[in-house]
Amino acid sequence: MRTDGGAVRLVAEEEPVRTLLGDLIRDRGWRLEDEGTRVRRTVVVAQVPRGRGVLKALLEARLHQPGAPVVLVLPAQDDRMEAQALRLGASACYALGRPVAELFEALEEAWATHATERTR
């Protein structure tokens, strides 16, 4: 379990993706934030379902936790989609099917950026 008081808010429509990401995140020692609770230091991990645009997924993630960094989970490796997500304000992206280590690199990067911004 992380000892720095942070958590992950998981936003995923598709149950198999939500279950997989939730299990991976918990197994790696991150706490998942429940819908009914708010933790001050949170990173949002939000799925971009197939057929849905990056902007809609990013806006939905921001509704769940305004001001928190967002790691978008893309349905597949797509450089244009990733560039668009980053341009629109996502902190990082992870593509399903890529090595899981990349998800945690994205999470750690978003967390570090968020922690640095909050101390300024």
Side-chain angles (χ1 to χ4, degrees):
M1 185 68 69
R2 291 184 68 95
T3 59
D4 52 17
V8 172
R9 166 77 54 141
L10 182 57
V11 180
E13 285 183 17
E14 299 170 5
E15 182 60 35
V17 173
R18 183 173 42 251
T19 300
L20 173 68
L21 291 173
D23 289 346
L24 290 171
I25 290 166
R26 274 190 296 276
D27 288 349
R28 195 65 177 255
W30 290 76
R31 185 165 56 104
L32 284 178
E33 186 177 288
D34 297 329
E35 282 297 319
T37 63
R38 294 262 174 177
V39 175
R40 199 177 109 199
R41 295 182 61 188
T42 301
V43 173
V44 178
V45 174
Q47 175 196 14
V48 179
R50 287 196 186 279
R52 173 158 312 157
V54 167
L55 180 59
K56 188 168 184 173
L58 190 57
L59 290 173
E60 184 176 334
R62 297 257 185 251
L63 286 174
H64 284 275
Q65 193 75 31
V70 177
V71 175
L72 285 181
V73 178
L74 307 177
Q77 182 69 42
D78 183 327
D79 293 339
R80 288 187 317 175
M81 186 180 277
E82 182 174 353
Q84 179 188 26
L86 296 172
R87 208 172 34 253
L88 291 171
S91 297
C93 295
Y94 167 74
L96 291 173
R98 300 287 304 158
V100 176
E102 292 180 16
L103 170 63
F104 293 105
E105 288 171 11
L107 249 177
E108 291 291 346
E109 179 181 317
W111 183 257
T113 301
H114 186 50
T116 301
E117 288 173 358
R118 295 186 65 82
T119 59
R120 289 183 187 171

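This is a predicted model, so every value here is computed, not measured. The first residue of the sequence shown is numbered 1, and numbering continues consecutively from there.
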Query raised in the report: Which pairs count as side chain to side chain donor-acceptor pair (under 3.5 Å) when at least one residue sits in residues 14-23, sequence neighbours excluded?
Result: Glu14-Gln47, Glu15-Arg18, Glu15-Thr19, Asp23-Arg26
Query raised in the report: Distance from Arg98 atom CZ to Leu74 atom CG, nearest 0.5 Å?
Result: 11.5 Å
Query raised in the report: Closest heavy-atom contact between Ser91 and Pro69?
Result: OG-CB, 3.1 Å
Report summary line: For Leu88 and Val54 the tightest heavy-atom approach is CD1-CG1, 4.2 Å
Requested in this report: Hey, could you give me the CD/CG distance between Gln84 and Leu55, rounded to the nearest 0.5 Å?
Outcome: 7.5 Å
Report summary line: What one should report as the nearest heavy-atom pair of Ala61 and Val70 is CB-CG1, 3.9 Å
Query raised in the report: Hey, mind stepping through Val8 and Val71 against side chain to side chain contact (heavy atoms under 4.5 Å, CB included) and telling me if it holds?
Result: CA-CA 10 Å; Val8 172; Val71 175; over 6 Å; no
Report summary line: The reported gap from CZ in Arg62 to CG in Leu58 (rounded to nearest 0.5 angstrom) is 5.0 Å
Query raised in the report: Are Arg52 and Pro75 close enough that some pair of their side-chain heavy atoms sits under 4.5 Å apart?
Result: no
Query raised in the report: How close do Gly22 and Leu32 get, heavy atom to heavy atom, and via which atoms?
Result: CA-CD1, 3.7 Å
**Report entry** Heavy-atom closest contact (Ala46 atom, Ala57 atom, distance)
**Finding:** CB-O, 4.4 Å
Query raised in the report: Does Val43 share a hydrophobic cluster with Val100, counting links as ILVMFWY side-chain heavy atoms below 4.5 Å and allowing steps through other members?
Result: yes
Query raised in the report: Hey, which of Val45, Val44, Val17 is the one that makes side-chain contact (heavy atoms from CB on, under 4.5 Å) with Leu10?
Result: Val45
Query raised in the report: Is the shortest heavy-atom distance from the side chain of Phe104 to the side chain of Leu24 under 4.5 Å?
Result: yes
**Report entry** Straight-line distance of His64 NE2 to Thr42 OG1, nearest 0.5 Å
**Finding:** 12.5 Å
Report task. Please round to the nearest 0.5 Å and tell me the distance separating atom CZ of Arg9 and atom CZ of Arg31. Result -> 11.0 Å
Requested in this report: Could you grab the distance from atom CZ of Arg50 to atom CD of Glu13, nearest 0.5 Å is fine?
Outcome: 14.0 Å
Report summary line: Correct closest heavy-atom pair for Glu108 and Trp30 would be OE2-CZ2, 3.5 Å
Query raised in the report: Quick one: are Val11 and Leu63 in side-chain contact, heavy atoms under 4.5 Å?
Result: no
